[in-house]
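Structure first, commentary second.
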Protein chains: 2
Amino acid sequence: MPKNKVVSLNKLKVACKNCGLAKLCLPLGLDSGDIDQLDAIVQRNRPLHRGGHVFQTGDKFRSLYVVKTGTIKTYTQCPNGSEQVVGFHLPGEVVGLDGIECDKHLCSAKALETTAVCEVPFGRLEELTSSIPGLQHQLFRLMSREITKETGLMVLLGKSTAEERLAAFLLSLSVRFHNRGFSPVEFNLSMSRQEIGSYLGLALETVSRLFTHFQEESILLVDRKHIKILDMDQLYNLLSNQTTCLDRLQAPN
Amino acid sequence: MPKNKVVSLNKLKVACKNCGLAKLCLPLGLDSGDIDQLDAIVQRNRPLHRGGHVFQTGDKFRSLYVVKTGTIKTYTQCPNGSEQVVGFHLPGEVVGLDGIECDKHLCSAKALETTAVCEVPFGRLEELTSSIPGLQHQLFRLMSREITKETGLMVLLGKSTAEERLAAFLLSLSVRFHNRGFSPVEFNLSMSRQEIGSYLGLALETVSRLFTHFQEESILLVDRKHIKILDMDQLYNLLSNQTTCLDRLQAPN
DNA sequence: CGTTGAGTTGACTCCTATCAAGAAATGTGG
DNA sequence: CCACATTTCTTGATAGGAGTCAACTCAACG
């Protein structure tokens, strides 16, 4: 039994490495057979280069995608041609949930850098729920989590200043990097000021000004896309009035 | 067979009346047995008065709730004591999806007027997915729809003017009332200017000014909480740059 | 009929978008 | 490898939209 458990855990690790989805099932005590089943339906496509699309608005919905390495941004095209960023997705995070409803994708997803994703055919995933107990519930949880995150962002966009928005954004990235085993205080932004602004409902100039402002206050060290958080406490304090949405934005996938 | 179908449809209508959830399953061609199963788990509580809570932040998550009549607002409490409205829920709409993730509710839900809700114990609903084919998928769709709606609101809050926000809000209400068989051009707001403002990220004074402004432009007729839309086209035109989020906010349930 | 809460309206201020110009980095082709 | 083009970022000046503060009106209710 203990030996079996070890095998199972190793398999889990492998599966987690290949596809963040399996991680969902960790708290369930999946046995190795379950992992194998999950593993069997996951498709490993070759990495996308910067700018490559995972899917585009209007594409038929077939699969969810789990980011393995790199970053995906999701966005919609506005009638006037400009694009609106609706999300940034780091390793371990899932993209494509909005496609389930109408059986087609309602936003586009493109790589911000060289990025590897796992493709999980949704139909097969739905079938697996009958043979893997608890999987269904984990999927519901995953989607509930997505709703929570979006609610948090809504609140942030509705009633926060530019400063609070950028602070929340940086803290969210920090926590998410930390959860994946990267440094929570030092990381590279894979998105432009423009994209950050679009996501946070700010002009790119405002984002730029805030970065320099945070640097002047010794909260950050900014070198173009490289960010080092010098004073995490101050960053948190900026959000003292916004803890509600902060919690929502930060909880692990 | 045709006779059976009639029975089934009647049952469906009854079920729909009792609980909007069954409506989810309409496109699936549920048979009457399925409806009975769904019906059996639904609890009908007595109506809430204005101000009564369906659930509160931190409550253990047990059930989803479907609004039968009336209006529910969901909101979170900010650290400084003020509340932030995160949603208004009309008849047929589902409340409580954000509770699945952590097994407890992350927001509070209270009645804005005398309101009847159906309680659907989530555990039992999850069990039913094994005996009602397609139910699982409908639940995924429901949650996906919720994500889509929130994304739409995010975009609206991120990059729209106060005028556009209120126009989108009114059009969203209009469509949702229409879908439930009410007039799309004349209705009563069950929420205060304050609550509308909180939801849209605006000061209550701004909301008030916009109502008078819309009235001056002969777009609306406003008498306190009673709204009559005089010029639907103009209202749409205000959102010509925001059609993306408009679509997302409007689609049925 | 006074009290209370909601809504309206005005005056003022401030935050952030916009416009504009320049600097830095990145990429390209000769 | 260098000159040029292009994109991204930074910084400044300006203007406008919406928040805030405050006073007033109106409706509801005991």
Side-chain angles (χ1 to χ4, degrees), chain A residues 49-51 73 78 80 82-85 110 112-114 155-169 188-217 220-227 238 241-242, chain B residues 49-51 73 78 80 82-85 112-114 155-170 188-217 220-227 238 241-242:
Chain A
H49 325 100
R50 175 181 164 80
K73 87 166 170 193
C78 290
N80 58 30
S82 71
E83 71 176 40
Q84 164 70 38
V85 175
K110 74 156 66 161
L112 289 178
E113 57 192 316
T114 303
V155 174
L156 191 73
L157 293 178
K159 54 157 42 182
S160 312
T161 64
E163 202 176 48
E164 289 167 333
R165 294 184 202 192
L166 190 61
F169 177 68
N188 281 296
L189 301 173
S190 47
M191 63 293 283
S192 67
R193 306 288 192 256
Q194 166 89 268
E195 288 164 328
I196 296 172
S198 172
Y199 179 64
L200 295 177
L202 301 172
L204 72 95
E205 294 95 329
T206 304
V207 175
S208 178
R209 273 185 256 269
L210 284 170
F211 273 126
T212 52
H213 174 236
F214 282 154
Q215 187 155 240
E216 283 162 7
E217 301 275 303
L220 296 182
L221 212 89
V222 184
D223 176 24
R224 207 156 166 78
K225 304 237 175 188
H226 187 82
I227 302 289
L238 288 176
N241 292 323
Q242 308 295 337
Chain B
H49 326 99
R50 173 182 166 79
K73 87 165 171 192
C78 292
N80 58 30
S82 72
E83 69 176 42
Q84 164 72 36
V85 175
L112 289 178
E113 59 192 313
T114 303
V155 173
L156 190 72
L157 294 178
K159 54 155 42 181
S160 311
T161 64
E163 201 176 49
E164 289 166 333
R165 293 183 204 192
L166 190 62
F169 177 68
L170 292 170
N188 281 295
L189 301 173
S190 47
M191 62 295 281
S192 67
R193 307 286 193 260
Q194 167 89 268
E195 288 164 328
I196 296 172
S198 173
Y199 179 63
L200 296 176
L202 301 172
L204 70 93
E205 294 95 328
T206 306
V207 175
S208 179
R209 274 186 256 268
L210 284 170
F211 273 127
T212 53
H213 174 235
F214 282 156
Q215 187 155 239
E216 284 164 5
E217 301 275 305
L220 296 183
L221 211 87
V222 184
D223 175 23
R224 211 157 163 75
K225 303 236 174 189
H226 187 83
I227 302 289
L238 287 176
N241 293 323
Q242 308 294 339

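Quick note: numbers below take in every heavy atom, side chains included, and nothing from hydrogens, waters or symmetry partners. Sequence lines set the chain letters: A, B, ... in the order given, protein chains first and strands last, and positions in each chain run from 1.
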Side-chain N or O of [X] versus OP1/OP2 of [N]: is the shortest distance under 4.0 Å?
| X | N | value |
| --- | --- | --- |
| A/Thr212 | D/dT11 | yes |
| A/Lys225 | D/dC9 | yes |
| B/Arg224 | D/dA27 | no |

Please give, in whole Å, the distance from [N] [atom2] to [X] [atom1]?
| X | N | atom1 | atom2 | value |
| --- | --- | --- | --- | --- |
| A/Met191 | D/dT8 | CE | P | 15 Å |
| B/Lys159 | C/dT16 | NZ | P | 18 Å |
| A/Leu166 | D/dT10 | CG | P | 11 Å |
| A/His213 | D/dT10 | NE2 | P | 15 Å |
| A/Gln215 | D/dT11 | CD | C1' | 14 Å |
| A/Leu200 | C/dC15 | CG | C1' | 16 Å |
| B/Asn188 | C/dG7 | CG | P | 13 Å |
| B/Arg193 | C/dT9 | CZ | P | 10 Å |

Practice problem: Report yes or no: does B/Arg50 contribute a side-chain atom to a donor-acceptor pair with the main-chain N or O of B/Thr114 at less than 3.5 Å? | Solution: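 Judged by distance alone, no pair lies under 3.5 Å.
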
Quiz prompt | Side-chain donor or acceptor of B/Glu217 paired with backbone N/O of B/Phe214 under 3.5 Å | solution =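 No.
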
Quiz item: Can you tell if the side chain of A/Ser82 reaches within under 4.5 Å of the side chain of B/Lys159, non-hydrogen atoms only?
Solution: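 Yes - at least one pair of side-chain heavy atoms lies under 4.5 Å apart.
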
Quiz item: Do the non-hydrogen side-chain atoms of B/Leu210 and B/Arg165 ever get within less than 4.5 Å of each other?
Solution: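 Contact flag for B/Leu210/B/Arg165 side chains = no.
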
For [X], is the [atom1] atom crowded, meaning more than 12 foreign heavy atoms sit under 6.0 Å from it?
| X | atom1 | answer |
| --- | --- | --- |
| A/Gln194 | CD | no |
| B/Glu83 | CD | yes |
| B/His226 | NE2 | yes |

Quiz prompt | Heavy-atom protein contacts under 4.0 Å, nucleotides 15-22 of chain D, coded B base, S sugar-phosphate only, - none | solution = ---SSBBB

Quiz item: Contact class for A/Ser208 (heavy atom, under 4.0 Å): base, sugar-phosphate, or nothing?
Solution: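 The answer is base, as A/Ser208 lies within the cut-off (heavy atoms under 4.0 Å) of a base atom.
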
